[in-house]
Asks: 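Here it is, the structure, as structure tokens.
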Amino acid sequence: YWKSYHCLNASRPFDDWYFYVRGTPYAKLSRSARYRGELNEALVLADEALMYGRKYCEFCAEKGVWHEESDPQNTYCHWLLNKARILYDLGRLQEAWELGCQAWKGVWGEVQEGKDYGYDLVEFERFLVKALMALGTVTGLLDSASQTYIILNAIADSAFYFLPILLGSSAAKTFKCNQYVAMALGGVLVYPGFVDLINAAKDAGTSVSLFGLPVTLASYSSSVVPILLGVWFMSVIEHAVQKISPKAVKFFTVPLASLLAAGVVTILALGPIGTWIGNLIAAFFSWLNANAGWAVPTLVGALNPLLVMTGTHYGLIPIGINNLATAGFDTVVGPGMLTSNVAQGAAGLAVGLRTRNKDTKQLAMSAGLTGVLGITEPVLYGVNLKFIYPLISAMIGGGVGGLYLGITGVGRYASGSPGLLVLPAYIGGDSMANLINACIGTVIAMVVSFVVCYVLYGVWKKQGKLEEGE
């Protein structure tokens with residue numbers, strides 16, 4: 001807005017920049033109103049933006065001017081898509097579909113002219129597929145109760161619905177317990193018979209009990225924290241039973257006792273606690289994003305290593321997925337995790353540069369490189385957590401980089417493992433400003449983390465906190 005204000009002051013009345021800087025605030029305010037659920041206000045603001053957008057396109061065409069950073073036609077098409085999304089939320093699906101097609105045709109025409117807007121098409125096409133499915137359901141062309149719809153929906157939602165099973169497998173590796181029993185524990189939470197029992201009790205207003213103890217009527221499909229707590233408890237039981245179980249029957253008693261004990265405790269206690277924790281985390285970040293949007297990527301950028309170590313970062317992922325599916329971009333999860341990951345990688349590279357231990361140097365350099373590319377587990381567990389000072393540096397760098405992304409309102413338009421290779425996911429909006437700011441925030445996170453880690457190495461060494469040869 002500050003930039004728009006200066007551009008407006010510097011522009012002459014009714015030149016091309018005048019229309020652009022007058023329309024841009026309306027477009028941004030329209031999106032903000034839509035996220036708040038004030039759809040009628042959002043629609044009015046979107047129409048105001050489109051009025052200036054049309055004048056912007058007409059003036060540029062008449063005068064033969066073109067701006068690379070704010071291509072008139074591309075800008076107008078994105079504002080059209082914004083209105084189409086508002087109409088979709090209002091249930092005016094036919095209008096949303098037609099407007100979305102108009103916006104897509106505009107961008108497609110520019111692609112055919114040789115302009116590099118191919119990535120923008122993905123954003124437009126994703127909306128059109130969503131609108132077409134909804135329109136087909138409403139008009140009767142695609143019945144939501146039809147076999148075709150059910151099968152297509154199963155293909156789209158199965159991985160997310162059975163997320164506890166998938167997380168059980170990965171959590172078992174972290175807690176060093178039987179991977180298959182952990183997956184079975186996840187299967188218990190989404191077992192059709194158990195789900196039907198819970199749903200029937202909810203509908204009838206009755207209760208469910210296990211051994212006379214009340215069972216919380218919670219749904220665990222697509223949940224994250226309950227299975228993580230359950231697998232942790234299962235690992236404790238498994239290790240204890242292994243110590244006391246006779247070797248001859250250990251292959252049978254250990255998995256049986258682990259699954260039985262963990263299943264009962266998870267359903268009675270850990271599942272409800274995990275659901276409460278997951279809902280609390282999601283609600284906190286959603287509230288924070290609505291009231292202080294800059295703080296969300298700052299906190300995620302700083303605290304993400306701790307969230308990863310406890311597995312609670314999985315509670316944020318559904319928020320990001322939902323934002324991408326509904327709004328078309330995500331400012332809550334992706335930006336903060338991006339700065340956190342590259343900061344961890346940069347801290348690892350700093351350790352590799354400063355340490356005198358050849359093994360540590362080799363590990364830190366290779367793990368640091370994979371870290372900045374988006375895979376942080378090697379550098380987090382192999383380097384940063386081991387020496388602590390790189391972890392502190394990464395949290396500082398991730399927080400500072402996340403603060404910049406939060407202030408500039410950077411969002412991602414596609415999903416992927418946060419790292420340098422996913423920067424193209426930040427191409428979108430009315431110009432390249434989102435991508436540019438994402439790159440700047442990434443550089444800030446890496447530089448701050450690297451410099452702080454480089455300095456803290458000397459402090460740690462001076463205080464004798466490093467082993468001999470490090």
Side-chain angles (χ1 to χ4, degrees), residues 150 153-154 157-242 244-245 252-287 307 310-319 321-322:
I150 293 172
N153 190 57
D157 289 347
S158 60
F160 195 57
Y161 181 88
F162 292 106
L163 190 60
I165 298 177
L166 303 178
L167 291 181
S169 175
S170 59
K173 297 177 183 178
T174 302
F175 296 118
K176 296 180 174 57
C177 56
N178 191 305
Q179 183 177 359
Y180 300 104
V181 178
M183 294 174 67
L185 180 61
V188 171
L189 298 180
V190 293
Y191 182 71
F194 176 67
V195 173
D196 291 343
L197 178 66
I198 297 297
N199 291 336
K202 286 181 180 179
D203 295 338
T206 57
S207 60
V208 175
S209 62
L210 176 63
F211 302 128
L213 299 174
V215 174
T216 302
L217 304 181
S219 175
Y220 298 109
S221 59
S222 307
S223 64
V224 174
V225 182
I227 185 60
L228 298 179
L229 294 177
V231 174
W232 164 77
F233 181 78
M234 191 196 82
S235 68
V236 175
I237 298 298
E238 181 179 296
H239 296 152
V241 174
Q242 282 181 339
I244 62 175
S245 181
F252 171 74
T253 57
V254 172
L256 176 62
S258 301
L259 182 60
L260 181 61
V264 171
V265 173
T266 300
I267 290 174
L268 289 176
L270 297 180
I273 292 173
T275 300
W276 179 79
I277 293 174
N279 292 340
L280 185 64
I281 293 174
F284 171 72
F285 278 102
S286 297
W287 172 85
L307 297 177
T310 59
T312 50
H313 69 296
Y314 287 114
L316 299 179
I317 293 176
I319 301 176
I321 295 173
N322 181 69

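All residue numbers refer to positions in the sequence shown, counting from 1.
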Asks: With rounding to the nearest 0.5 Å, note down the distance linking CE in Met234 to CG in Leu260.
Replies: 13.0 Å
Asks: Which value, rounded to the nearest 0.5 Å, describes the distance between Met183 atom CE and Ile227 atom CD1?
Replies: 10.5 Å
Asks: Specify the closest pair of heavy atoms between Thr266 and Pro272, including all atoms of both residues, with the distance to one decimal.
Replies: O-CD, 3.7 Å
Asks: Would you name the heavy atoms of Ser235 and Phe175 that are closest together and state the gap between them?
Replies: CB-O, 3.6 Å
Asks: Using 0.5 Å steps for rounding, measure from the OG atom of Ser245 to the CZ atom of Phe252.
Replies: 10.0 Å
Asks: On a heavy-atom basis, which atom in Phe233 and which in Leu270 lie closest, and how many Å separate them?
Replies: CB-CD1, 3.5 Å
Asks: Main chain of Lys176, side chain of His239: is a donor-acceptor contact present, judged purely on distance under 3.5 Å?
Replies: yes
Asks: Kindly determine whether Leu213 and Ser209 satisfy side chain to side chain contact (heavy atoms under 4.5 Å, CB included), including the steps that lead there.
Replies: CA-CA 5 Å; Leu213 299 174; Ser209 62; over 6 Å; no
Asks: Nearest 0.5 angstrom please: Cys177 SG to Ile237 CD1, how far?
Replies: 11.5 Å
Asks: For residues 185-199, which side-chain donor-acceptor pairs fall under 3.5 Å, sequence neighbours excluded?
Replies:
unit_1	atom_1	unit_2	atom_2	d
Asn199	ND2	Val195	O	3.2

Asks: Could you please spell out the steps behind the side chain to side chain contact (heavy atoms under 4.5 Å, CB included) verdict for Val264 and Phe211?
Replies: CA-CA 9 Å; Val264 171; Phe211 302 128; 4.1 Å; yes
Asks: Mind jotting down which residue pairs meet the side-chain hydrogen bond (donor to acceptor under 3.5 Å, both in side chains) criterion with at least one end in residues 178-190? Sequence neighbours excluded, please.
Replies: Ser169-Gln179
Asks: Please report the interatomic distance CD1(Ile273) to CG(Leu229), rounded to the nearest 0.5 Å.
Replies: 7.5 Å
Asks: Determine the minimum heavy-atom distance between Leu217 and Lys202, stating which atoms define it.
Replies: O-CE, 3.0 Å
Asks: Give me the atom names and distance for the closest heavy-atom approach of Gly168 to Ala182.
Replies: O-CB, 3.3 Å
